[in-house]
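Inspection log for the structure reproduced underneath, given as C-alpha cells.
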Amino acid sequence: MRMSKLFVQTLREFPSDAEVMSHKLLVRAGYIRKLANGVYNYLPLMWRVLKKIENIVREEMDAAGAQEILMPFVQPSELWIESGRWDVYGKELMRLKDRHNREMCLGPTHEEVITSIAREGIHSYKQLPVNLYQIQSKFRDEIRPRFGLLRGREFIMKDAYSFDCDEAGLDKSYEIMAKAYKKIFERCGLETKMVQSDSGAIGGSVSHEFMVLVNENSENNAGENDVFYCTKCGYSANSNHAVSNLAEAEVDGKFKFAKITDTPETTSINELADFLKIPASIICKCLIYVVDGKYVAALIRGDKAVEETKLMNVFAGNDIRIARNDEIEEIMNNSGFNAVAGFIGPKGLKGVEIVADNTVKDLKNFVIGINQKDKHLVGANWGVDVELPQRIADIRLAEENDKCIECSAPLKVTKGIEVGNIFKLGTKYSKAMNATFTDKDGQEKPFIMGCYGIGISRTAAAAVERHHDENGIIWPLSIAPYRVIVVPVSDQDETQMSVAEDIYNKLSEANVEVLIDDRAERAGVKLKDADLIGIPFRITVGKTIKDNLVEFKNRSTGETITITPQEAVEKILNL
RNA sequence: CGGGAUGUAGCGCAGCUUGGUAGCGCACCGUGUUCGGGUCGCGGGGGUCGCAAGUUCGAAUCUUGUCAUCCCGACCA
C-alpha cells in the first residue's frame, strides 16, 4: 500500500478527551475515530489489525473443533422473555421497537439465540458435543463507557457456545477452550493470566477470565479489574471472587460485661474505634444493601470490606447497591427504631435479610450497633446479647498480603484488562428455554452448556497498552496492520525512490504486507509517522544508497543495521 | 443517579472578567524554499462560537433552560 493513497490521518497532538494510552494513540495514529459516546469508526489500519486478531481467533477456534456461524445483531424480546432475562438484564440491554411495535433488542450476548438454534437443530446425543461461535459487533449500553476501545458500548466480540450431554463433556469442552484461549493471546503477543472469577448467580458453576496485567507500565491505569495472585502456588482470582485467609488479629474485646455505651457522632468505623480506643477488628460492622430491590444487612468485621458481588451471589441477585439514607430511615421506621447510618445493628431489624461474613463469628466481647443513635453495645457476645445470623458466608473483599487459601503465602494484587472469559453455564438456558436432546438412555435432557468470549477490539487496545513507547504504538508482528514500511528519505532523489520502489515491489510480489511512504513529505514527518503507527520493521532508503546500503530498523528493539536492499528484502521474507 | 469541568474550523487552543459582528498553531489548497527525526516564507479556503430562549441598539462574551463530552463518585455506616 502506498502511504500517499492510504486513508489515514495522523495528528500532531493527542486528543483532549482521551485518558489512557491505547485510546490516545489509536486516535492520534489515525486508527479510530469516535462517532458517539463509546462508539467508534474503525479506519483502514484499525480494521486490518482487527481482522488479524479475528483470523488468529478463527484458526484456533476451528482447530479446537468449533464451527463459525453468524447470528443476528437484532433479537426479538420473546427469546429473552423465555430465558427470563428480559426483566433482569437492566438498562445495559438496548431495547427498541419495530414498526409493528414489537419489542426487540440489540444483542449484548447471544445465549438466547444460540439456545434456540440448538433446540431446533440438535435432537440426539449422537450430535454432541457441538461448539458454535461467531465474531460480531455487540452492543451494551454501558453506564459509563470510557477508555476508548477498552470499554465501548459497541465492540467486536467472539462468542462461542458449547453443548454437551453431561458435566464430564462440559469439563472437556471447557478445558479445550481454555487451552485455545491461551494460545490465541500468545499468538497476539499478549501474556495473559487465567484467573478464577465470579460466575454470577448460578450456583456451582465455574468461570475464568483471561487478564492482561498492566500494572507495571501504567501512566494511566487502564486495568479495570483487581487481580489477586499467589506467586508461590499460582492461585489467582478476580477481586470479585478471590478468597483468602486472614493474618492474626485481635478479635476479643476483653470487656468484662456487655454495656450500652454512648458513642456520639461515631458514624464511621474509624471514628468509633478511635472514640473507644479499640482496634477496628473487634467491631462488628453492619451495612445495609439493596439486592434486587430487597433489603439486606451484611455483617463483617470492622477492619474488612464487603465484596458486593459475593454478597449479591449469596442472594442469587442480579443487582446490588448500598442503601440510601432514606431507605435506612424506612427500615428504622418499620422496625420501630430511629437510628441513622453508623449505629445500625442486626438485632430487631424487620423486613431485612441478614448475612454474616465468616470473619464475625469468632468475635468475642465485641462492639456492635443496636439501632440507637449515638450508642453502641460494647462487650457483646453471640448467642448472649445478639443472635449470630444463620446465614454465614464469605462476603469479604480480599486484600494484598492476605494469606493464600491454597498455600498460605501472601497474596499480591495487580490491575488487569479482561480480554477473555470462559464460563460453565450448565443448564441455565437450556432448562429455561426447554432446549433438550434425547440421551442414550432414551431420556430427554437439557443441554449442558458453556460459553466463551473474547473481546476482539479490546484485545487490540490491550495490545497497545502493553506495547508502546513515547514515539507511538509498537504492534506485535502477528497483529500489525503491515509488517514493514519502506521509507525513501527524499522524494527528490531518483535513486532513493527507485530503490525504494524496487524493494516495495519485490515484497508486494511475495505477498508481504508492505507500506511505502511515497508522500512528498520531509524525512522527519515520514519517520515520525512510521514510529507512531507502529509498523514492526522499517527499511529506510537514504544517502547511503550510493554505497548500495539501506537502514533496517526493528521498531520494538530499536536495533538498526545497515545492509543492502537485497539483504533487507530477504530479512523480511525470512521472518 | 449524584458532584465537578468543558463545549469557539478536522485536531489542539486563545478570546468571555470589562458585550461592538472571531483569532492563533497544526492540518488543508496554491506557490517558492528546504531535504535523515514533525523546514521556512508568501498567498488562500474553511466556523450560524453545542442548541434554544431571554436581557440589550448590539451577545462567543451576561441570564435561564437544554443537549453533548470528559473526570470523579455511587455512600464500607
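The chains referred to below are lettered A, B, ... by the order of the sequence lines, with proteins before strands, and numbering in each begins at 1.
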Worksheet entry | Nucleotide B/G37, atom P - distance to CG of A/Asp517 in whole Å | 15 Å

Item to complete: Would you please test A/Tyr31 and A/Trp475 for ring-ring contact (aromatic ring centres under 6.0 Å, His included) and show each step?
Response: CA-CA 13 Å; A/Tyr31 281 76; A/Trp475 289 111; 5.7 Å; yes

Worksheet item: Do A/Arg538 side-chain and B/G37 base share a donor-acceptor contact under 3.5 Å?
Response: yes

Discussion item. If you compare every side-chain N and O of A/Lys528 against the phosphate oxygens of B/G37 (OP1, OP2), does one of them come in below 4.0 Å?
Written reply: no

Practice prompt. Report yes if at least one side-chain N or O of A/Arg12 is closer than 4.0 Å to OP1 or OP2 of B/A27; otherwise report no.
Written response: yes

Worksheet item: How do A/Pro145 and A/Ser16 order along RNA chain B: which one's closest nucleotide is nearer the 5' end?
Response: A/Ser16

Worksheet item: Looking only at N and O atoms, is any donor in the side chain of A/Glu521 or the base of B/G38 less than 3.5 Å from an acceptor on the other one?
Response: no

Worksheet item: Closest to the A/Ile322 side chain: B/G38, B/C75, B/C11?
Response: B/C75

Item to complete: Would you state whether a donor and an acceptor, one from the side chain of A/Asn471 and one from the base of B/G37, lie under 3.5 Å apart?
Response: no

Practice prompt. Can you check whether any acceptor in the base of B/C71 is under 3.5 Å from a donor in the side chain of A/Glu19, or vice versa?
Written response: no

Practice prompt. Identify the nucleotide, in any strand shown, that forms a Watson-Crick or G-U wobble pair with B/G73, with both distances under 3.5 Å; if there is none, say none.
Written response: B/C1

Worksheet item: Aromatic ring centroids of A/His23 and A/Phe14 under 6.0 Å?
Response: no

